[in-house]
2 protein chains.
Amino acid sequence: MQTTRPRRADARRNYELLLAAATAVIAEEGPDASLNEIARRAGVGPGTLYRHFPTRDALLAAVFQGRLAALCARAEELAEERPPGEALVAWLRLLVAHAMTDRGLGARMMLNPAAPGVDCWAMLGGAAGRLLRPAQEAGVVRADLEFADLVELVAGIAQVASGPERAERLLTLTLDGLRARDGGDQRGAGSSLRVP
Amino acid sequence: MQTTRPRRADARRNYELLLAAATAVIAEEGPDASLNEIARRAGVGPGTLYRHFPTRDALLAAVFQGRLAALCARAEELAEERPPGEALVAWLRLLVAHAMTDRGLGARMMLNPAAPGVDCWAMLGGAAGRLLRPAQEAGVVRADLEFADLVELVAGIAQVASGPERAERLLTLTLDGLRARDGGDQRGAGSSLRVP
DNA sequence: TATGATACGGAGAGTTTCTCCGGTTCAACG
DNA sequence: CGTTGAACCGGAGAAACTCTCCGTATCATA
């Protein structure tokens with residue numbers, strides 16, 4: 001269900017103005033930014049904002065869409081450039097970073113399969129599946145892992161981590177598990193996050 | 001920094017009324033419930049609410065405090081009743097459930113070390129340490145694990161999981177790790193969550 | 001019981017979300 | 001090119017919320 005671009009020239013222009021203003025304001029104030037402020041910054045009345053984006057989530061989804069597309073494209077590149085395990089882990093790091101942008105906008109959208117305007121879940125599912133399946137076939141990752149597990153765990157980490165270092169730490173722990181290794185050595189087959 | 005109970009009888013009575021009303025309303029509507037509604041339900045003016053609990057967080061902390069104390073007491077019991085690994089895992093399950101109560105109140109408080117009124121961080125740290133250290137000495141859990149890791153991971157899972165089943169699944173994954181086991185068998189030394 | 005410190009409560013200022021509708025602008029068509 | 005009606009704009013304003021101020025009422029103490 002895609003937010004259909006308006007047909008009339010002035011409407012389309014306002015749509016773009018609002019999207020640009022929303023991107024800027026949300027980057028500054030996070031997903032709870034005042035919608036009035038966004039309309040004001042776009043030089044448009046509140047009514048216009050609400051016509052184009054009936055709910056706050058619709059606006060957030062529109063802002064979110066561009067970045068998500070870029071992230072999924074990156075998944076494709078990684079799948080071709082690197083061995084399965086490395087590619088997956090590298091993408092997970094990008095996913096964490098993405099989920100932490102804009103003060104939680106990313107995580108909020110990623111967890112909302114019913115987000116209007118963008119089918120985040122399908123896009124993420126495609127990208128994650130593209131990386132997850134080869135990694136499983138290569139025996140690097142549990143066979144019973146599903147993409148929803150990945151997305152949820154990453155979103156949780158992103159919401160909870162106070163900064164990039166903490167996020168990295170939590171991702172490492174999640175990949176390796178909290179249990180002590182039987183062999184005594186903590187490291188698994190490959191290093192957790194050596195990929196740049 | 002403890003929320004000091006008021007001295008005068010009517011003040012104390014209103015304090016209790018507000019706490020009870022807040023507990024009820026927050027259970028229904030979550031941590032973003034209207035403060036006006038809470039005051040109304042307590043049969044008290046808005047001014048009175050704000051005198052007793054200057055900020056929303058102060059009120060949430062007061063509501064949260066009782067449950068947190070119970071949770072920490074349970075940690076003590078578990079540490080005495082069960083072997084280290086089991087006790088820790090059982091408590092983590094309780095922690096997840098706790099963090100999911102009241103539509104996210106638990107997770108919100110657990111992650112806010114500066115929460116006014118209750119030093120959640122210290123209480124949690126004490127309880128978690130009481131279980132974590134023995135588990136590490138018994139070699140069941142990674143030696144480099146810190147209690148902050150536990151709390152954050154659990155809070156993340158709680159915020160993200162759509163229901164108890166998903167939370168359980170994510171906790172299992174986090175305990176065991178996402179990587180395939182070298183030995184091919186997915187299960188670690190002990191079952192992840194066999195404890196009732 | 002008298003008294004002053006303490007606490008109450010509601011009016012109201014300032015925000016924010018969201019709706020409604022009179023007026024305006026665009027695009028298609030003759 | 002001018003007309004026309006559909007699409008769109010903008011802002012007034014209702015409703016809900018947070019938070020403050022202060023006149024009034026209540027309690028504890030002596």
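Just so it is clear, the model here is predicted, and its values are computed rather than measured. Keep in mind that the numbers below use all heavy atoms, side chains included, and drop hydrogens, waters and symmetry copies. Numbers restart at 1 for each chain; the letters A, B, ... are given by sequence-line order, proteins then strands.
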For the pair made of [atom1] in [X] and [atom2] in [N], what is the distance, rounded to whole Å?
X: Y15(A); N: dC9(D); atom1: OH; atom2: C1'; answer: 18 Å
X: R40(B); N: dC8(C); atom1: CZ; atom2: P; answer: 19 Å
X: L49(B); N: dC17(D); atom1: CG; atom2: P; answer: 14 Å
X: N14(B); N: dT6(C); atom1: CG; atom2: P; answer: 17 Å
X: D10(A); N: dA6(D); atom1: CG; atom2: C1'; answer: 12 Å
X: R8(B); N: dT26(D); atom1: CZ; atom2: C1'; answer: 5 Å
X: R13(B); N: dT26(D); atom1: CZ; atom2: P; answer: 12 Å

Residue met sooner reading DNA chain C from 5', once E37(A) and T48(A) are mapped to nucleotides
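The residue whose closest nucleotide sits nearer the 5' end is E37(A).
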
Return the 5'-most residue of the pair P46(A), R51(A) with respect to DNA chain C, ranking by each residue's nearest nucleotide.
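Final value for this comparison: P46(A).
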
The side chain of Y50(B) is closest to which nucleotide in this list: dC8(D), dT20(D), dC27(D)?
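The answer is dT20(D), which lies nearest to the side chain.
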
From the list dC8(C), dC9(D), dT26(D), which nucleotide is the closest neighbour of the side chain of A11(A)?
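Closest of the options to the side chain of A11(A): dC9(D).
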
For residues D10(A) and R8(A), report the shortest heavy-atom separation together with the two atoms involved.
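Heavy atoms of D10(A) and R8(A) come nearest at OD2-NH2, 3.0 Å.
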
In residues 16-35 of chain A, which residues come under 4.0 Å of DNA chain C by heavy atom?
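The answer is A33(A), S34(A), L35(A).
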
Are R40(A) and E37(A) close enough, and set up right, to give a salt bridge (charged side-chain N to carboxylate O under 4.0 Å, His left out), and what steps lead you there?
CA-CA 5 Å; R40(A) 200 192 57 75; E37(A) 168 65 15; 3.2 Å; yes

Run the side-chain donor-acceptor check on residues 148-158 of chain A: report pairs under 3.5 Å with partners two or more places apart or on a different chain.
{"from": "D149(A)", "atom 1": "OD1", "to": "R166(B)", "atom 2": "NH1", "distance (Å)": "3.4"}
{"from": "D149(A)", "atom 1": "OD1", "to": "R166(B)", "atom 2": "NH2", "distance (Å)": "2.8"}
{"from": "D149(A)", "atom 1": "OD1", "to": "R169(B)", "atom 2": "NE", "distance (Å)": "3.3"}
{"from": "D149(A)", "atom 1": "OD2", "to": "E146(A)", "atom 2": "N", "distance (Å)": "3.0"}
{"from": "D149(A)", "atom 1": "OD2", "to": "R169(B)", "atom 2": "NE", "distance (Å)": "3.3"}
{"from": "D149(A)", "atom 1": "OD2", "to": "R169(B)", "atom 2": "NH2", "distance (Å)": "2.6"}
{"from": "E152(A)", "atom 1": "OE1", "to": "R166(B)", "atom 2": "NE", "distance (Å)": "3.3"}
{"from": "E152(A)", "atom 1": "OE1", "to": "R166(B)", "atom 2": "NH2", "distance (Å)": "3.2"}

Classify the nucleic acid contact of N36(B) as base, sugar-phosphate or nothing, counting any heavy atom under 4.0 Å across all strands shown.
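It contacts base atoms.
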
How long is the gap from CD1 on I26(B) to CG on L59(B), to the nearest 0.5 Å?
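It is 5.0 Å, given to the nearest 0.5 Å.
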
Please compare G47(B) and A9(B) by the position of their nearest nucleotide in DNA chain D and report the one closer to 5'.
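Result: G47(B).
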
Minimum side-chain heavy-atom gap H98(A)-F64(A) below 4.5 Å:
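When only atoms from C-beta onward are counted, F64(A) and H98(A) do touch, with a gap below 4.5 Å.
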
Worked verdict on V140(B) versus L88(B) for side chain to side chain contact (heavy atoms under 4.5 Å, CB included):
CA-CA 10 Å; V140(B) 187; L88(B) 179 61; over 6 Å; no

Residues 131-138 of chain B, side-chain donor-acceptor partners within the protein, below 3.5 Å, at least two apart:
{"from": "Q136(B)", "atom 1": "NE2", "to": "R142(B)", "atom 2": "O", "distance (Å)": "3.0"}
{"from": "Q136(B)", "atom 1": "NE2", "to": "A143(B)", "atom 2": "O", "distance (Å)": "3.2"}
{"from": "Q136(B)", "atom 1": "NE2", "to": "L145(B)", "atom 2": "O", "distance (Å)": "2.8"}

Quick check on dC8(D): is either OP1 or OP2 less than 4.0 Å from any side-chain nitrogen or oxygen of H52(A)?
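Negative; the distance criterion is not met.
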
